[in-house]
Protein chains: 4
Amino acid sequence: MTNTTAPVARSPRIRLGMVGGGRDAFIGAVHRIAARLDDQYELVAGCFSATAEKSLASAADLGVDPKRAYASFAEMAAREARRKDGIQAVAIVTPNHMHAPVALQFLRRGIHVICDKPLTATLPEAKRLAKAAEASGVIFALTHNYTGYPMVRQAAEMVANGDLGDIRLVQVEYAQDWLAEPIEQSGHKQADWRTDPARTGAGGAIGDIGTHAFNLARFVTGLTLDALAADLQSFVPGRRVDDNANILLRFAGGARGMLWCSQVATGLENNLKLRVFGTRSSIEWSQEDPNNLWVGPLNAPRYRLTRNGHGSGHAAARMARVPAGHPEGYLEGFANIYAEAARAILARRDGTALDPAVTFPGLAEGLEGVAFVDACVRSSKRNGAWTALNL
Amino acid sequence: MTNTTAPVARSPRIRLGMVGGGRDAFIGAVHRIAARLDDQYELVAGCFSATAEKSLASAADLGVDPKRAYASFAEMAAREARRKDGIQAVAIVTPNHMHAPVALQFLRRGIHVICDKPLTATLPEAKRLAKAAEASGVIFALTHNYTGYPMVRQAAEMVANGDLGDIRLVQVEYAQDWLAEPIEQSGHKQADWRTDPARTGAGGAIGDIGTHAFNLARFVTGLTLDALAADLQSFVPGRRVDDNANILLRFAGGARGMLWCSQVATGLENNLKLRVFGTRSSIEWSQEDPNNLWVGPLNAPRYRLTRNGHGSGHAAARMARVPAGHPEGYLEGFANIYAEAARAILARRDGTALDPAVTFPGLAEGLEGVAFVDACVRSSKRNGAWTALNL
Amino acid sequence: MTNTTAPVARSPRIRLGMVGGGRDAFIGAVHRIAARLDDQYELVAGCFSATAEKSLASAADLGVDPKRAYASFAEMAAREARRKDGIQAVAIVTPNHMHAPVALQFLRRGIHVICDKPLTATLPEAKRLAKAAEASGVIFALTHNYTGYPMVRQAAEMVANGDLGDIRLVQVEYAQDWLAEPIEQSGHKQADWRTDPARTGAGGAIGDIGTHAFNLARFVTGLTLDALAADLQSFVPGRRVDDNANILLRFAGGARGMLWCSQVATGLENNLKLRVFGTRSSIEWSQEDPNNLWVGPLNAPRYRLTRNGHGSGHAAARMARVPAGHPEGYLEGFANIYAEAARAILARRDGTALDPAVTFPGLAEGLEGVAFVDACVRSSKRNGAWTALNL
Amino acid sequence: MTNTTAPVARSPRIRLGMVGGGRDAFIGAVHRIAARLDDQYELVAGCFSATAEKSLASAADLGVDPKRAYASFAEMAAREARRKDGIQAVAIVTPNHMHAPVALQFLRRGIHVICDKPLTATLPEAKRLAKAAEASGVIFALTHNYTGYPMVRQAAEMVANGDLGDIRLVQVEYAQDWLAEPIEQSGHKQADWRTDPARTGAGGAIGDIGTHAFNLARFVTGLTLDALAADLQSFVPGRRVDDNANILLRFAGGARGMLWCSQVATGLENNLKLRVFGTRSSIEWSQEDPNNLWVGPLNAPRYRLTRNGHGSGHAAARMARVPAGHPEGYLEGFANIYAEAARAILARRDGTALDPAVTFPGLAEGLEGVAFVDACVRSSKRNGAWTALNL
């Protein structure tokens, strides 16, 4: 029972602002806990809503100075940039179509960005944002939070080490059932914007969770995609975006795969699952049982690696807080993305060297995710024709 | 702890012959146990090998009269048909390309046929055989044994009862790893013929196990296929047939699906798994844990039905021999196909009424399976174009 | 996919009789399937009931010659012993109190005995029977069927090989819920005799399933018991025997253990589970998932051995019929006891050498089981005082 | 995907101090994360070590003002009590023997206490502390953190609602393997004090984890203990405290149980598991899979309740932060204890009404836990005689 995580050296907390995340939001609260968990951030400002009263109320809930509760993100960016104690980073937790306009306001003022996924609602917008962000030099983190799970890191490390041999097959799925009925038609706020093409983008399930599945597969395998063949459906009557996607994948080098994402998979909660099969071994990981990684070597018994358990390596240990057998979960995985981003921000701010092990999803992953959605939509419109990402 | 299976009324055992299934074979022994389990058959003759000595040796092993150990299946059919105590049914357990020639010899003499899957190695052959068999009037059972599992029957009953609502999604996979290396090149008998197009047919994994997966999905859902889009691969260098297939499915009525079959899925043994999602509920069944059926209703807790357990219905109970908690397995499921065929054969022979609940795979399923392989091969050659079964 | 079980050399089938196992019985049908599975026995006679009509009816169901359907087991023993083609072995599947009287009739005539557990209803009776059986020289098999499961054999082999190091802890439980309500008061035949001390003996759950749990722990560990401390309960109002037992165990050499058996464990079906912890490794096996054995080495990842899978040894392979991934179950495990007994009976009959690997529970295990029940009852009456077996 | 937890109304954070928890400690870091997670506490002072330098170094790590880093807890209590901005609560994370002396310093000054378990190292000490704490009127929380898991709350709610009927059986176990070897002899800091009777108390495993298991069973069932019969062992040569305990339990009203705790259970990580069986239903919960609660009703299928999932009730929802399918873990459960204590402290401080649903372990549970250890040791010394708690 030893504490295996080295303490992050104490440096003053990063002053953080937030755009979005008001009282009814889901993901804003998650970001705040993630930011708080390792004590590297301090939430000091926010444009929690475009309505001044609501933004103020949220600030009150959160202990944020009312003077720093804004109703306009542009004003927030401008005024915070002028303060001596202004925010050093901003968390963007709005619907997808607002990611780019908000991010641009902050990054052009040198404020680092931690943005929810997908990067943007459209591909041209993603390309513009990526270009602008690169030009600005700010640190840009995209919360593909599932890559923050320790055993996902372990899986990626094993692939990189060649433990699996040459990869032949990738099976990834992300299936939920919360949109199995047309709840967007009866005022469900989360469902409302996620099924509105104007706010969520051209992809429904494929954008909301398919991008996570794709990112997870890419992160673990390191393989690049040659082409995909997508069959998108909108099962629920009246739905304006896809709620299910069945996709075949072809990777550079010859590996093949399947990706299934669904928000109408009755009886499933948040079933994100990845299996990778190589010539020497395979791995299997499931988000609903995240502390275990199953390894299936050729001609030897199947075994289980646990977070911080025997046989688990450095990449996982960096992400773990408590001993094996004490489960960590979604919030810890999310916090790991914040912690990695904090390491990068602090190294930049304090002029210290950045541990080369630090990694987190950013612009490249964001751009690729939006291109993935775009390719799925194009393929499906052409009856599942093989389609490459437009990067 | 009650014995829930009604005894099958005692009638003299069905006299059974076998073609194939000599000393090195795998599936012949399985058929024999399956035939014996419920005491409805008596193995009395066989052409266990085309080599006389080997056929005799197998007969000796099995306690079969040496006079009824044949080296020619045609001779066997002719002579058994003339005997007063000749066989009433024949089990065909040869490589695929021999199914049709053997079956034709017996069925034209009015001998019932129990044939291993797939029906034949080629589609034209399958059509000819189906026609001839129908014309003959014999009972023809095809051992798609997985439909003999009680909880598969339970699943089908639930779908038929409308418990799942309208089916939207079908996810089925059958993945193994025993062909992850080129073992056919070093004399592995089972691998040898299964990777030889002349004996196995145009499909490799898709014929050997993909047909099982497809049949299972069809049996449980009752949905007919509109079209498929298949991406077949031969990962192992030098392999002459596919060893992996990634397939998209479109069913009549709008349901969609994915089918994955692989014999290079490192670390997996015999992972046949079916999930069906409807508007009201879903089911999940895995062959490696066959006594449980998981049910995932919309807006209610997930639950587990067990073989002979509370909440499980009549269709499953018909197939079960021992109380809940006492696992049954592969052999019992296989034996259920034999038992169902026996009920049909005995009803025919004894002139009794056949329980309308009796069901087993036969010519229609066999023909469809071969058409499925054919469509997969055609689709894959056209780069995964949507392709209908040629039935 | 290789057939790993060597065929048992063909020799004429063992002629088998049965006492008990009429139409309403549960375990008789199980014994018959077990006897049939590997084709080593032929059921030719029976006293299926003490009522002549019922015995005849069962014989008709089973295809047994009506002339060899008896209403008196003593008459059956006498007449079968006189026949040239008389039975060579008898399966006893009566309530417990009849085991000894029946067995004595047959073994004194040199007819081998395959007897359901526990050996007898009382300890003095067990001692007398054991003495008589040893004197007779017949082969005596007791169907502690759970030791027939391949992965139980694997576990025992690993302990014997020292893979676990020195054993420290044994945790075994056998919990069901079928007697959670007083069903014996409303005519449930199985419950009726199992809760009647005159027929079942002094122990209820402890005799019916506790003996299985104890035998399993003994078989796998090889440890002998120094003493036990038992707390027996009869939870169901009106019940005349225990329906739950909580027991502490002390083994020779210092290992300790706990044994729980219950027939009122609401929600459990047939949960027999064994865990053994040594200085170097541990094993875990569950009857409801019998094809897997989990191994937990010290300071290394937990792994899974599968029946016929990689890393599984000879002792398990001897007991397996089909490849890894094709589940075997309760009937196959039960059949393995019959197959082992057949090997012993055939070696005796045919004068051939017996494979030293053959093992099956017999008189010693039977005697110990009854002594275990006796010790539990005595300990519990003395408020859980530590009590040794009276052997 | 809705955020089901109502925000705790914003009130200034509780000023928290800590005693213990310096650089090498395990549990101190856990307490700090737990305190931070819901943003109700601010760590402002600490006596992280009795060595001034070490205490200062830890303060630096943690961002605590060096002027408030103490080397003497008595001095800390005295000086903090005099400050206007002094701490309002103290977290005590020292070895067991220091809990009482430290707690007494703070509670007599009206500073609320959050203390790690067990309450004290000895029973007389526990009684004195409980008396003093009650007299002081401070809020006293004991971090039996496992009762903070949402599905443990769900289980307790179901028992309280009568969903299980009358409870008959309680099976609880807490097994680990980290002390399977004598690591305390080679300088392992956590093992060192936990195996030293002077610091850990008379119980080893029974105190460290047995108290958790007992508390969990008590919390969920509400049953009080009549007597226990304990068989304690020290398996590892040279070990001065028990490292395994096998215990029988008798509860008031007739329920029976078994409790096993072990720190030499090779291959297990942190296996805390509770099963409760009533006349109508049963529940099963495992700490390593904490987001699921399995329910086994009599005569109906087994089902799974998930944290925030369908069918889960208010008591669990109060403790959950993210939607079903997004796992929460050990830190969230621990944080729930801190959050409950915060609700009590804030209600006291702000003079607001306390939600009657708030519950957390305190003095009564602590006293009972130490009495449990004491009774186990006494019982074991008397060869497992039935022994009541000395309360």
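The sequence lines fix the lettering, A, B, ..., with proteins before strands; numbering per chain opens at 1.
Both the backbone and the side chain of A:A265 come within less than 4.5 Å of a heavy atom in chain B. At a 4.5 Å heavy-atom cutoff, the contact between B:I247 and chain A is made by backbone atoms alone. Contacts between B:L259 and chain A at a heavy-atom distance below 4.5 Å involve the backbone alone (N, CA, C, O). Residue contact with chain A, scored on non-hydrogen atoms closer than 4.5 Å, involves the backbone of B:R280 exclusively. Both the backbone and the side chain of B:V236 come within less than 4.5 Å of a heavy atom in chain A. Interface residue A:E173: only side-chain heavy atoms are found under 4.5 Å from chain B.
One distance of note links CZ of A:R168 with CG of B:N244; it measures 9.5 Å at 0.5 Å rounding. Here the straight-line distance linking atom CG of B:L249 with atom CG of A:N246 works out to 8.5 Å at 0.5 Å rounding. If you take CG on B:D177 and CG on A:L298, they are separated by 5.5 Å, rounding to the nearest 0.5 Å. In this structure, the separation between OG on B:S262 and CD on A:Q171 is 8.0 Å, given to the nearest 0.5 Å.
When the candidates B:R302, B:Q233, B:R256, B:E269 are compared by the number of heavy-atom contacts under 4.5 Å with chain A, B:R256 comes out ahead. Each of B:G165, B:A229, B:P301, B:A180 has some count of heavy-atom pairs under 4.5 Å with chain A, and the biggest count is that of B:A180. Between chain B and the residues A:V264, A:N383, A:N299, the largest count of heavy-atom pairs under 4.5 Å involves A:N383.
Judged by distance alone, with hydrogens and angles left aside, the side-chain atoms of A:S282 form a donor-acceptor pair with the main-chain N or O of B:T266 at under 3.5 Å. With hydrogens and angles ignored, the 3.5 Å screen pairs no side-chain donor or acceptor of B:W260 with any backbone N or O of A:M258.
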